[in-house]
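Structure first, then comments.
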Amino acid sequence: MQLEFVEANGFETAVYEWGNPSGPAVLCVHGLGGQGQSFRKIADHLASEFRIVALDLIGRGQSIWANNPEADYNFATYSQIITDVLAHKRIDTFHWIGISMGGALGIHLGSGRLRARIKSLTLNDIGPSLEDSVAQAIQTAVSTPTRVAKFSDLVTAYESMFATFGMKPSDGRSWQDMALDGARRTEDGGWTLHFDPRVADQFTHARADYEQVEAFRKLELPMQVFWGTDSTVLTREGLNAMRHEQPELTIIEVANVGHAPLLDRDEDLDAILHFLRRSELVAQTGGKA
């Protein structure tokens, strides 16, 4: 893995890269409280064929936090950051993999300013619309600062936050493993989660970012969605509405998991690889697989 700090839209942004530098590019975008390194396993699986780029959007991971959260934690700011990162990396066309918020941002850009550049869209447990009650639950969970003295207390807090939405550790992993991926030490030697709690301000000041039914309808590219069958964020009704708008949508069900599947099972990784291969062929043949 290579880590580079890029000045993007005026923000110092951590950008990660794996894989084949001459292969087709894949941009990976994390969820609301996520970070780019969460794509390590996906990157390892794709690395022989694809060039994988991920980033920490501002307020997460190794990237700078916003001085003005109300103005900067939104899709308009993130879109310009991503556009600048793509320019810095000299990436023209690419495939998009987005977890939760990252998937919603892919819908936004795939139907807008990057419409001609995104070759395929993989969404992880997110659709073009969120119920108000769901948005409120996410905002409440993420916006509550977590600062504890002991790592064991952070593990408990992490499990409490994410188990609310049905997330579960995969086989061979524990809540401790998952918490460690998303944790950092505080200045007083304690622990906290590795994001600015105010990233959740987006649900107050940019609520429309998550209402994109018309944008989703306009998408004209190969798409697949991973759906946790116990998800409260993407319900079965929401999934059926997506299928109605986009009949060619590929749906992969992840049983007995809520929001969001970790995409680290062998079958999920293989599904992503095969989908990217097919989508690349579609892109190369002008829409004929």
Side-chain angles (χ1 to χ4, degrees), residues 26-34 36 38-39 41-43 45-46 50 52-55 57 75 78-79 82 94-112 114-115 117-131 134-135 138 165-167 202 209-255 257-265 267-276 278-280 282:
V26 180
L27 181 68
C28 299
V29 186
H30 58 70
L32 187 70
S38 63
F39 291 97
K41 194 158 187 178
I42 291 174
H45 201 73
L46 305 179
F50 293 91
I52 304 95
V53 174
L55 72 163
L57 287 168
F75 283 180
Y78 303 157
S79 296
I82 286 172
F94 56 96
H95 303 274
W96 184 294
I97 299 175
I99 296 174
S100 193
M101 182 199 74
L105 184 54
I107 295 172
H108 174 76
L109 284 168
S111 60
L114 298 182
R115 183 170 187 165
R117 298 175 61 183
I118 299 178
K119 294 188 282 189
S120 74
L121 185 58
T122 295
L123 308 173
N124 186 14
D125 206 64
I126 193 69
S129 182
L130 279 182
E131 296 288 340
V134 173
I138 296 172
F165 301 98
M167 183 184 283
Q202 183 179 12
D209 282 351
Y210 290 90
E211 297 305 319
Q212 305 188 92
V213 173
E214 185 58 33
F216 183 75
R217 185 177 295 132
K218 292 178 180 177
L219 290 169
E220 297 178 352
L221 74 172
M223 283 186 286
Q224 70 173 352
V225 59
F226 285 85
W227 174 54
T229 59
D230 295 343
S231 177
T232 58
V233 175
L234 178 59
T235 63
R236 184 177 296 276
E237 292 75 17
L239 188 70
N240 289 337
M242 293 172 70
R243 188 178 355 222
H244 175 75
E245 297 293 350
Q246 295 282 354
E248 299 301 315
L249 178 69
T250 298
I251 298 172
I252 300 171
E253 296 189 8
V254 183
V257 173
H259 184 78
L262 298 178
L263 305 186
D264 60 357
R265 305 181 308 166
E267 55 264 45
D268 297 335
L269 296 169
D270 286 341
I272 291 171
L273 177 58
H274 295 324
F275 175 74
L276 291 177
R278 293 196 308 271
S279 300
E280 187 61 25
V282 168

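In this chain, numbering begins with 1 at the start of the sequence shown.
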To the nearest 0.5 Å, atom CD of Gln202 lies from atom CD1 of Ile138 at 10.0 Å
Applied to residues 97-107, the salt bridge (charged side-chain N to carboxylate O under 4.0 Å, His left out) test, sequence neighbours excluded, yields none
The reported gap from CG in Leu234 to CD1 in Ile251 (rounded to nearest 0.5 angstrom) is 8.5 Å
Note: Gly258 and Asp125 closest approach over all heavy atoms is O-OD2, 4.2 Å
With sequence neighbours left out, the residues meeting salt bridge (charged side-chain N to carboxylate O under 4.0 Å, His left out) with Glu131 are none
Rounded to the nearest 0.5 angstrom, the NE2-CD1 distance for His45 and Ile52 is 11.0 Å
Those residues at least two apart in sequence (or on a different chain) that pass side-chain hydrogen bond (donor to acceptor under 3.5 Å, both in side chains) with His108 are none
Contacts satisfying salt bridge (charged side-chain N to carboxylate O under 4.0 Å, His left out) that involve residues 231-252 (not counting sequence neighbours) are Arg217-Glu245
Applying side chain to side chain contact (heavy atoms under 4.5 Å, CB included) to Ser279 and not counting sequence neighbours gives His95, Ser120, Pro222, Phe275
Interatomic distance, CG@Leu262 vs CG@Asn124, rounded to 0.5 Å, equals 8.5 Å
Residues Met242 and Pro128: closest non-hydrogen pair is CG-CD, 3.6 Å
Contacts satisfying ring pair (Phe, Tyr, Trp, His ring centres under 6.0 Å) that involve residues 215-238 (not counting sequence neighbours) are none
query: Is the side chain of Gln246 donor-acceptor paired with the backbone N or O of Leu219 at a distance under 3.5 Å, no angle test?
result: yes
Residues Ser79 and Leu109: closest non-hydrogen pair is OG-CD2, 3.5 Å
Run the side-chain donor-acceptor check on residues 96-105: report pairs under 3.5 Å with partners two or more places apart or on a different chain.
residue: Trp96; atom: NE1; partner: Gly102; partner atom: O; Å: 2.9
residue: Ser100; atom: OG; partner: His259; partner atom: NE2; Å: 2.8

inquiry  = Could you check whether any side-chain N or O of Glu211 sits under 3.5 Å from a backbone N or O of Leu130, counting only pairs where one atom can act as donor and the other as acceptor?
reply    = yes
Note: Ala255 and Thr229 closest approach over all heavy atoms is CA-OG1, 3.4 Å
Taken in chain and number order and not counting sequence neighbours, the residues that satisfy salt bridge (charged side-chain N to carboxylate O under 4.0 Å, His left out) with Asp268 are Arg265
Closest non-hydrogen atoms of Lys41 and Asp264, given as atom of the first, atom of the second and distance, are NZ-O, 3.4 Å
Contacts of Glu253 meeting salt bridge (charged side-chain N to carboxylate O under 4.0 Å, His left out) (sequence neighbours excluded), chain-then-number -> none
Closest non-hydrogen atoms of Ser38 and His30, given as atom of the first, atom of the second and distance, are OG-CB, 4.5 Å
Value for CG (Leu273) from CZ (Arg278), rounded to nearest 0.5 Å, stands at 10.0 Å
When rounded to the nearest 0.5 Å, the distance separating CG of Leu276 from NZ of Lys119 is 9.5 Å
Hits for ring pair (Phe, Tyr, Trp, His ring centres under 6.0 Å) against Tyr210, two or more places apart or cross-chain, chain-then-number order -> Phe75, Phe203
Exercise. Taking C-beta and beyond as the side chain, do Leu57 and Val29 meet within less than 4.5 Å on heavy atoms?
Worked result: yes
Across all chains, not counting sequence neighbours, the side-chain hydrogen bond (donor to acceptor under 3.5 Å, both in side chains) partners of Arg115 are none
Sequence neighbours excluded, the answer for side-chain hydrogen bond (donor to acceptor under 3.5 Å, both in side chains) partners of Thr232 is none
